[in-house]
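Here is the structure we will look at, set down as structure tokens.
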Amino acid sequence: MSLRDRPPNLRVYGVLLRAGRVLIAAEYVGEVFCWKFPGGGVEPGEPLHDALKREYREETGLDIALGRLLHAPETLISPWNGLPYTPVIFAVAAEGAPRVPDHEPVEITFRDPVEALESDLMAAPERLALRRALLEPRL
């Protein structure tokens with residue numbers, strides 16, 4: 001993908017399932033509190049896998065193994081801030097307990113996936129990716 005072809009606000013996220021629970025990042029996007037998966041922005045020229053590993057480590061302190069692609073819709077309008085974004089969501093695996101650095105404005109917790117799926121705090125692309133991860137929990 002060339003920089004010219006790069007979609008607006010390219011974001012990458014990882015679904016980590018462990019012991020029947022899913023890792024959720026609770027944070028503010030603009031002025032709206034929401035739930036998402038750990039991850040974030042892809043820097044210009046950065047491969048998606050590298051971006052996800054970097055973002056996951058920054059938010060959780062975990063080194064991840066990337067699995068299969070769960071969801072990659074076209075560019076969408078964020079329900080949280082009304083701006084275009086392009087989410088790409090992968091299954092991931094990691095060992096150890098997440099630890100959020102003091103400078104990261106996010107709360108990371110393992111939650112019941114049903115609670116996440118039924119929550120209005122989670123956007124549609126994240127819910128779809130979580131459903132796919134639960135149906136086929138392999139990486």
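Model, not experiment: these values are computed from the prediction.
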Between CG of Leu117 and CZ of Arg111, what distance do you get to the nearest 0.5 Å? 13.0 Å
Output for pair (Cys34 SG, Asp120 CG), nearest 0.5 Å, gives 12.5 Å
Gap separating the CG atom of Leu10 from the CG atom of Leu48, nearest 0.5 angstrom: 5.5 Å
Single hit among Arg132, Glu126, Arg127, Arg131 for side chain to side chain contact (heavy atoms under 4.5 Å, CB included) with His71: Arg132
Atom pair NE2/CG of His49 and Leu66 - distance to nearest 0.5 Å: 4.5 Å
Quick test of your reading of the model: are Asp112 and Arg21 salt-bridged, counting only N-O distances below 4.0 Å? no
Let me check something: do Leu121 and Tyr13 share a hydrophobic cluster, defined by ILVMFWY side-chain heavy atoms less than 4.5 Å apart, either directly or through other members? yes
Output the distance between atom CG (Leu17) and atom CG (Leu23), rounded to the nearest 0.5 Å. 9.5 Å
Salt bridge check, Glu46 against Arg54: does any charged N sit closer than 4.0 Å to a carboxylate O? yes
Quick one: do Tyr56 and Leu69 end up in the same hydrophobic cluster if we chain Ile, Leu, Val, Met, Phe, Trp and Tyr together by side-chain heavy atoms under 4.5 Å apart? yes
Any residue meeting ring pair (Phe, Tyr, Trp, His ring centres under 6.0 Å) with Tyr28, in chain and number order, not counting sequence neighbours: Phe33
Residues which pass side chain to side chain contact (heavy atoms under 4.5 Å, CB included) with Val32, listed by chain and number, not counting sequence neighbours: Trp80
With Glu27 via salt bridge (charged side-chain N to carboxylate O under 4.0 Å, His left out) - residues at least two apart: Lys36
Show which residues join Leu83 in its hydrophobic cluster (side-chain heavy-atom contacts under 4.5 Å, direct or indirect), or state none. none
Among residues at least two apart in sequence or on other chains, which ones pass side chain to side chain contact (heavy atoms under 4.5 Å, CB included) with Pro113? Val22, Leu130, Leu134
Please tabulate, for the side chains in residues 84-108, all donor-acceptor contacts under 3.5 angstrom to protein atoms that are two or more places apart in sequence or on a different chain.
{"from": "Thr86", "atom 1": "OG1", "to": "Pro8", "atom 2": "O", "distance (Å)": "3.0"}
{"from": "Thr86", "atom 1": "OG1", "to": "Thr75", "atom 2": "OG1", "distance (Å)": "2.6"}
{"from": "Arg99", "atom 1": "NH1", "to": "Ala97", "atom 2": "O", "distance (Å)": "3.4"}

